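Step one of this worksheet: look at the structure below.
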Amino acid sequence: LRPLDAFEARPVPASDGAGYPFWSPDSRFVAFFADGKLKKAAVAGGPPAVVCDAPSGRGGSWNRDGVIVFSPIPTAIQRVAATGGMPAAVTTTAAGTKRFPVFLPDGRRFLYLVTQSSPNDGIYLGSLDGKGEDVRLLPDASSFSIAAGRLGFQSGLMPARGTLLAQDMDMGTGRLAGEAVSIADGVPFITAANYAPVTISESGALVYGGASLGSLAVTQLTWFDREGKLIGTVGAPGPIRDPSLSPDGKAVAFTRTPQSSPSVWVRALDRDVEQQVD
């Protein structure tokens with residue numbers, strides 16, 4: 001857990017090996033998947049409680065009525081009471097993997113991702129009652145966020161980074177409106193799970209982080225002043241490490257680690273050009 005206005009983060013107790021966390025609507029609990037279970041932990045502290053079994057959890061969402069919709073395994077979307085109990089299926093799509101459900105504001109309908117069901121991959125609209133046919137809203141095979149009347153998702157996902165888009169969404173009908181607009185380029189994407197580590201709050205704050213190209217970390221050379229204020233970036237993000245400024249401050253050397261073998265590069269900061277030296 002980390003406040004946006006601080007650099008310090010603290011671990012949720014007994015959450016070793018956890019994945020795909022999501023919040024309770026009052027922000028008092030964080031739910032996550034670990035040890036083959038769906039668990040919840042109070043932000044104030046204390047050990048987590050088991051909600052139900054989830055052998056291979058792939059995301060969830062918690063509504064104001066105390067209902068959690070979640071993916072216990074990659075081929076199912078289920079509902080369960082946040083206090084625990086027996087889960088029940090809630091989707092009508094048959095084929096493919098199903099993951100990353102997110103409630104709409106009414107707490108009754110939700111979106112989820114379907115993959116490995118070509119040509120029917122995409123983002124679908126379902127409901128807790130599980131009645132009627134689930135509707136595909138978009139063909140994009142990306143996890144997504146919903147906030148402030150907009151749907152955020154990714155496009156152009158290969159090789160492992162894409163463009164983060166936002167499109168207006170009528171929360172009453174669950175239908176998209178207007179054209180999608182670009183929010184950010186080069187946003188990380190984990191292809192093995194069709195997962196984009198992106199979240200948007202109702203206040204409009206956007207956070208995205210930790211990415212990989214295969215097993216390689218994607219980083220961005222960035223300038224900060226002595227007070228920690230962001231000044232600007234240098235070059236494009238990539239598998240970059242070990243930066244070192246020249247004594248005169250006019251160039252930076254760094255190691256680039258692509259899929260093949262590492263190499264040393266030097267970038268002239270005043271001319272914004274770079275070349276490989278080793």
Side-chain angles (χ1 to χ4, degrees), residues 19-20 22-23 25 31 33 38 54-65 67-80 87-158 162-181 183 187 189-200:
Y20 302 111
F22 56 97
W23 288 93
F33 301 92
L38 170 61
S56 183
R58 291 294 187 272
S61 189
W62 189 329
N63 73 11
R64 296 187 182 279
D65 296 323
V67 176
I68 291 175
V69 61
F70 70 110
S71 174
I73 56 176
T75 56
I77 302 292
Q78 297 181 346
R79 60 176 290 174
V80 69
V90 291
T91 56
T92 60
T93 52
T97 66
K98 306 171 185 67
R99 57 186 75 182
F100 310 130
V102 177
F103 273 118
L104 295 186
D106 63 13
R108 181 180 59 84
R109 295 168 301 161
F110 58 90
L111 303 183
Y112 64 97
L113 176 65
V114 173
T115 61
Q116 299 179 27
S117 180
S118 181
N120 300 313
D121 290 357
I123 298 172
Y124 280 73
L125 174 67
S127 64
L128 285 180
D129 59 21
K131 297 178 180 179
E133 183 178 355
D134 292 356
V135 178
R136 187 172 76 161
L137 301 183
L138 283 172
D140 298 84
S142 164
S143 58
F144 49 86
S145 297
I146 301 172
R150 309 191 92 186
L151 174 69
F153 61 98
Q154 279 194 272
S155 181
L157 301 175
M158 298 302 290
T163 299
L164 180 64
L165 304 173
Q167 189 165 353
D168 289 339
M169 185 171 184
D170 187 323
M171 296 302 166
T173 63
R175 301 292 182 173
L176 296 172
E179 297 292 329
V181 297
I183 298 178
V187 176
F189 185 78
I190 302 171
T191 54
N194 290 90
Y195 179 70
V198 177
T199 181
I200 310 171

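Nothing here was measured: the structure is a model prediction, and the numbers come from that model. When a residue number appears, it is its place in the shown sequence, counting from 1.
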What is the distance from atom CD1 of Ile183 to atom CD of Gln154, rounded to the nearest 0.5 Å?
-> 10.5 Å

Beyond-backbone contact of Val114 with Arg136, side-chain heavy atoms, under 4.5 angstrom | no

Gap between atom CG of Asp168 and atom CG of Leu176 - 0.5 Å precision = 9.0 Å

Side chains of Phe153 and Gln167 in contact at under 4.5 Å (non-hydrogen atoms) = yes

Establish, from distance only, whether the side-chain atoms of Thr115 and Thr97 form a donor-acceptor pair under 3.5 Å.
-> yes

What are the two closest non-hydrogen atoms of Phe100 and Gly59, and how far apart are they?
-> CD2-CA, 4.2 Å

Approximate separation, where rounding is to 0.5 Å, of Phe103 CZ and Tyr112 OH = 13.5 Å

Pairwise distance CZ(Phe144) to CD1(Ile123) - rounded to 0.5 angstrom = 5.5 Å

Okay, side chain of Arg108, backbone of Leu128: is any donor-acceptor separation there less than 3.5 Å?
-> no

Can you check side chain to side chain contact (heavy atoms under 4.5 Å, CB included) on Gln78 and Leu38, steps first, answer last?
-> CA-CA 12 Å; Gln78 297 181 346; Leu38 170 61; over 6 Å; no

What's the shortest heavy-atom distance between Leu104 and Gly174, and which atoms?
-> CD1-CA, 4.3 Å

Answer yes or no: is there a donor N or O on one side and an acceptor on the other, between the side chain of Ser71 and the main chain of Lys98, under 3.5 Å?
-> yes

Partners meeting side-chain contact (heavy atoms from CB on, under 4.5 Å) with Arg175 (sequence neighbours left out) = Val135, Leu137, Thr173

Would you mind reporting whether Thr91 and Tyr124 have side-chain heavy atoms less than 4.5 Å apart?
-> no

Starting at CZ of Phe22, measure out to CZ of Phe33 and round the result to the nearest 0.5 Å.
-> 5.0 Å

Spatial distance of atom OG (Ser145) from atom CZ (Arg150) [nearest 0.5 Å] | 13.0 Å

Least distance between heavy atoms, Val69 atom then Pro101 atom | O-CG, 3.6 Å

Arg79 meets the salt bridge (charged side-chain N to carboxylate O under 4.0 Å, His left out) criterion, sequence neighbours left out, with none

Shortest non-hydrogen contact from Gly172 to Arg109?
-> O-NH1, 3.1 Å

Exam field: side chain Asn63 to backbone Asp65, donor-acceptor pair closer than 3.5 Å | yes

